[in-house]
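So the structure is just underneath, and the comments pick up after that.
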Amino acid sequence: MADSQLLLQLVQDFSKRQAGRSFDESLGKMQEVGFFNPDMCEHGMSDLCLVLTGLAQCDGGLAVALFAHWAAAETLRCAHSDFKAQSLLAFPAFQSPAEFQNLLATERAGKVFLTAKIESVVAAGHPSYLVVAGYLVALAGAAVTLSKPIRTLGLRSCPHVDILMNQAPATRLGGAELFEQMSERMALAAAAIALGLAQGSLDEAVRYAKTRRQGGKEIYRWSEVKMLLGQMLVQLQTATLALSRACAAADASETGWQRNAAAVLISLQEMACALTSDGIQILGGAGYTTEFAQEQRFRDAHHTQHLLGLLPRRKLQLAERYLA
């Protein structure tokens, strides 16, 4: 996965073949081409971000499914766990440890057992394990119950489930510091999803503006539309450069890369919400309908801005950590 050009071509080819496939079929193909392979992040976060950006242009749900798996895997890596299974991993990608106040851990005979209800867990495919609040839990067995998939306004294709644990055997990985360590690197991956949604919105807006005629000419020839497209392009180019530089800094372990990653994530998530809204405007009334993917990107952008915890809380944490 070290050759970025080959990886980019792989993602583009995958996206072209995505049309008409079900979510489960696409997830299976993602496994076949190696997006879940352990060596994906061997050389840093740049490769994973490249894949997530491409997937999000096609389907934000697929990107979040891959993100959740790698967030769980990154938590295991930060914990120096010897867990070697190649199984899919479930992860509550939209929550932070502060939101698991109802989790009860008890210890008997040197073993840990969890009792809790974990809501809105990203559990794509058939995951075998859950990583939550510093614990690794096997999803098989009577002590763990998964709800039916829950429909959400955003990420409609990506399965979310509630997981009920009643004295479920668990392996302790570490404390809240694990989430912080994981979030520092996975902030870049979450930013890549926002970038992909924004890129997809601009691409569809341009295609539509070049074919839709009004007033005797294609609408992109009208100055108002051209100005809006130009504004979207400037935002996207700036965001692309910011993410690329942040990934390079993280991969090289430059001083302060964590702060840059956190700031880039917040900036790109807010940009994606604004840009997907502009993408809807280019299509006029049609942009709000399910006939086009713009409305889905708009919903996904607002949904994914809370990856790794609520956006306002992450802003406060950034301020407290670096501006105090």
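Applying the 4.5 Å side-chain rule to ILVMFWY residues, one finds that L310 remains a lone member of its cluster.
Transitive grouping of hydrophobic side chains (ILVMFWY, heavy atoms separated by less than 4.5 Å) keeps V161 and I150 in distinct clusters. At a threshold of 4.5 Å between side-chain heavy atoms, the hydrophobic network of Ile, Leu, Val, Met, Phe, Trp and Tyr places L228 and I280 in two separate groups. Neither L316 nor L311 shares a network with the other; the hydrophobic side chains, linked directly or stepwise wherever heavy atoms of I, L, V, M, F, W or Y lie under 4.5 Å apart, form separate groups for each. Under the 4.5 Å side-chain contact rule for hydrophobic residues, I282 and Y288 do not share a cluster.
Within the 3.5 Å criterion, the main-chain N or O of V234 finds a donor-acceptor partner in the side chain of T238. Remark: side-chain polar atoms of S15 are paired, donor with acceptor, to backbone N or O of V11 under 3.5 angstrom. Of the possible polar contacts, one joining the H302 side chain to the F298 backbone as a donor-acceptor pair under 3.5 Å is found. Distance alone, capped at 3.5 Å, places no donor-acceptor pair between the T53 side chain and the L50 backbone. At distances below 3.5 Å, not a single donor-acceptor pair connects side-chain atoms of Q31 with backbone N or O atoms of L88. Within the 3.5 Å criterion, the main-chain N or O of A263 finds no donor-acceptor partner in the side chain of S267. Side-chain atoms of S201 never come within 3.5 Å of backbone atoms of L197 as a donor-acceptor pair (strictly under, hydrogens ignored).
Taken to the nearest 0.5 Å, the CD atom of E180 stands 8.5 Å off from the OG atom of S96. Note: Q57 CD to L62 CG = 13.0 Å, rounded to the nearest 0.5 Å. Here I163 contributes atom CD1 and L130 contributes atom CG; the two are 4.5 Å apart, rounded to the nearest 0.5 Å. The distance from atom CG of L307 to atom CG of L155, rounded to the nearest 0.5 Å, is 7.5 Å. Expressed to the nearest 0.5 Å, how far CG of L52 lies from OG1 of T304 amounts to 11.0 Å. Annotation: the span from E224 atom CD to Q281 atom CD amounts to 14.0 Å, rounded to 0.5 Å.
By the 4.5 Å heavy-atom criterion applied to side chains, I193 and V64 are counted as neighbours. Side-chain contact check for F91 versus V122: every heavy-atom pair is 4.5 Å or farther apart. The shortest distance between side-chain heavy atoms of L48 and M186 falls below 4.5 Å. No side-chain heavy atom of Q199 sits under 4.5 Å from any side-chain heavy atom of L275. Side chains of L229 and D278 form no contact here, defined as non-hydrogen atoms less than 4.5 Å apart. Residues S26 and F14 meet the side-chain proximity criterion, which asks for heavy atoms closer than 4.5 Å. Residues V264 and R245 have side chains not in contact (no heavy-atom distance under 4.5 Å, counting atoms from C-beta outward). The closest side-chain heavy-atom distance from L103 to Y135 is below 4.5 Å.
Atom CD of E291 is surrounded by 12 or fewer heavy atoms from other residues, nucleotides or ligands within 6.0 Å. A 6.0 Å sphere centred on CZ of R156 holds more than 12 heavy atoms belonging to other residues, nucleotides or ligands. More than 12 heavy atoms of other residues, nucleotides or ligands sit less than 6.0 Å from atom CD of Q167.
Taking the six-membered ring wherever Trp is involved, the centroid distance between the rings of H303 and F94 falls below 6.0 Å.
Here the closest non-hydrogen pair linking K217 and W222 is CE-CE2, 3.3 Å. The shortest non-hydrogen separation linking C49 to A192 is O-CB, 3.4 Å. Residues K117 and N102 approach most closely at O-ND2, 3.2 Å, considering heavy atoms. Nearest approach of A124 to L27, heavy atoms of both residues: C-CD2, 3.6 Å. The two residues V132 and P92 make their nearest non-hydrogen contact at CG2-CG, 4.0 Å. Across every non-hydrogen atom of M30 and L55, the tightest pair is CE-CD1, 3.8 Å.
Between the side chains of R297 and Q294, at least one donor N or O lies within less than 3.5 Å of an accepting N or O.
Just one of T171, L173, L178 meets the side chain to side chain contact (heavy atoms under 4.5 Å, CB included) condition when paired with L76; it is L173.
Between E270 and K315, at least one side-chain nitrogen of the basic residue sits less than 4.0 Å from a carboxylate oxygen of the acidic one, meeting the salt-bridge criterion. Salt bridge E25/R17: absent, no basic N to carboxylate O contact under 4.0 Å.
Residues forming a side chain to side chain contact (heavy atoms under 4.5 Å, CB included) with Q258 (at least two apart in sequence, or on another chain): E184, Y322.
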**OP:** Start with the C-alpha distance between L164 and N166, add both sets of side-chain angles, then the distance that settles side chain to side chain contact (heavy atoms under 4.5 Å, CB included), and finish with yes or no.
**Re:** CA-CA 7 Å; L164 183 65; N166 185 13; 5.7 Å; no

Subject >> From CA spacing to verdict: side chain to side chain contact (heavy atoms under 4.5 Å, CB included), Q296, R299 >> reply: CA-CA 5 Å; Q296 179 179 332; R299 293 174 185 273; 5.9 Å; no

Validation: residues 205-212 side-chain donor-acceptor distances under 3.5 Å, sequence neighbours left out:
residue, atom, partner, partner atom, Å
T211, OG1, R207, O, 3.1
T211, OG1, Y208, O, 3.2

